[in-house]
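Below is one structure; the comments refer to it alone.
Protein chains get the first letters and strands the later ones, always in sequence-line order, with residue 1 at the start of each. Keep in mind it's a predicted model, so treat the numbers as computed, not measured.
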2 protein chains.
Amino acid sequence: MAGRPSNRDERYAQVMQALVRCVARFGLEGASLTQIAAEAGLTRPLIRHHLGNREDMIAALQDHVLHSFAEQTEALIAALPGDAPAAALVEYLFADTTGSSPDMVLAFAALTARAAEDADLRTACRESLLGFEAAIARVLRQDNPQADDHAVNAAAHGIVALYLNVASLAPLDMPQGWTQTAQTIAHKLLEGLDGGS
Amino acid sequence: MAGRPSNRDERYAQVMQALVRCVARFGLEGASLTQIAAEAGLTRPLIRHHLGNREDMIAALQDHVLHSFAEQTEALIAALPGDAPAAALVEYLFADTTGSSPDMVLAFAALTARAAEDADLRTACRESLLGFEAAIARVLRQDNPQADDHAVNAAAHGIVALYLNVASLAPLDMPQGWTQTAQTIAHKLLEGLDGGS
DNA sequence: ATATTGATTGTCAATAGCGACAGTTTATTG
DNA sequence: CAATAAACTGTCGCTATTGACAATCAATAT
């Protein structure tokens, strides 16, 4: 009444990681199942066994990217120090974490492009992005309670734009100091909240 | 000794426009020749007659996007008024020109994703982007001769990031006032150059 | 030990997309 | 009215990719 123990969750994560990476590099349609399987170190029929159809796979990718976005945002905010959380947030967003790759953001960009065709995906991506922006705005307000709401939202908008830009342009291998410049501007946006009306 | 008059240039532009649009919507590999032909209102063998192979087509796309980027930048800068050119530049970049679509930027983003695989494409895209940034920086300096070089470059960087972000997120149909916010931040970056060290 | 569950592999038919060729039409020149 | 050059169309074979099924291996509980 029991069978072989299921490694479904681990395999799922493994395949999903490969899927994200391949989509980030070759686009939604450019990523073939064989490529994904090779990236995951598995065979093609096996990834089908775990993630199902191709249609199923991109649906799963949507869920994973959007949920992961929200989760990581939440975790990041929870990990911020009580002292000057906004500055720490910016430090983290633009940190040169060689461990964390920009593949997630690139996959999100690929989904965004397809969102022009799919209304549901469009609203999902939009809400996810607005949620990210709102979360950052909350941190900024926590740090600057006296600042104008509009100014806080604008600063959050700018920080998100700078972050997405840095991540989605990562394949271009921009010159030394480029990310640094983005971070500097982000900090400047924070400083603007001090005296801002 | 003469034959049917050649409409090569017009057809080339027609097909290229369809190509840009399809790549913007479906990605580099997602855009099939049949789709492109349908978008251009032509038949599949015909677009092959004009643009050649698929490989040739993406090569032509690269040239077109990158050259068009540089040309449009040059034309834009040449058209700026002598009075407060920087402000006019920002106005133009974030104008709600329903005529000009963000397809160009989206196609550029698609090329950027592939740049991870192709070293030549990578440097080409990078140089193109840095050229755009430098051109904007020139305008800013023209308007603020006393400003610090580093500050000018940083402001240009920020404006580029905001612009690319607005364009590449266009498929998401962001809510009313979103682009406006980006424009406001861009103007704020300009103001920061006045009193900046 | 055996049954049971699930991971893993092998393989084949169907389809979509691409490349290329040959042939047809159209407009311009002499 | 030829002759020519180029746009345009129809169609075929090839390859890559996918979807699906069947079969085998592995591990655990009874």
Rounded to the nearest angstrom, tell me the gap between atom [atom1] in [X] and atom [atom2] in [N].
X      : N       : atom1 : atom2 : answer
L42(A) : dT8(C)  : CG    : C1'   : 10 Å
Q35(B) : dA16(C) : CD    : P     : 13 Å
I47(A) : dT18(D) : CD1   : C1'   : 11 Å
D9(B)  : dA7(D)  : CG    : C1'   : 14 Å
R48(B) : dC18(C) : CZ    : P     : 11 Å
L46(B) : dT11(D) : CG    : P     : 16 Å
E29(A) : dA16(C) : CD    : C1'   : 13 Å
I58(B) : dC18(C) : CD1   : C1'   : 14 Å

First locate atom [atom1] of [X], then atom [atom2] of [Y], and finally report the distance between them rounded to the nearest 0.5 Å.
X       : Y       : atom1 : atom2 : value
I58(B)  : L111(B) : CD1   : CG    : 8.5 Å
L164(B) : L162(A) : CG    : CG    : 11.0 Å
T43(B)  : H49(B)  : OG1   : NE2   : 10.5 Å

Distance below 4.0 Å between [X] side-chain N/O and [N] OP1 or OP2:
X      : N       : value
N53(B) : dG19(C) : yes
R54(A) : dG19(D) : no
H49(B) : dC8(D)  : no

Nearest to the side chain of P45(A) - dA7(C), dT11(C), dC18(C)?
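Of the candidates, dT11(C) comes closest.
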Proximity to the side chain of H50(B) - top-ranked nucleotide from dT9(C), dC8(D), dG19(C)
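For H50(B), the side-chain atoms sit closest to dC8(D).
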Which is more 5' along DNA chain C, the nucleotide nearest T43(A) or the one nearest S32(B)? Just name the residue.
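Counting from the 5' end, the first nearest nucleotide belongs to T43(A).
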Lys/Arg N to Asp/Glu carboxylate O, R25(A) vs D103(A), below 4.0 Å
no
Taking any heavy-atom pair under 4.0 Å as a contact, classify R11(A): base, sugar-phosphate, or nothing.
sugar-phosphate
Once you apply a heavy-atom cut-off of 4.0 Å, does R44(B) come out as touching a base, just sugar-phosphate, or nothing?
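The answer is base, as R44(B) lies within the cut-off (heavy atoms under 4.0 Å) of a base atom.
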Take atom CD of E117(B) as the centre, draw a 6.0 Å sphere, and report whether it contains more than 12 heavy atoms from other residues, nucleotides or ligands.
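Yes, enclosed.
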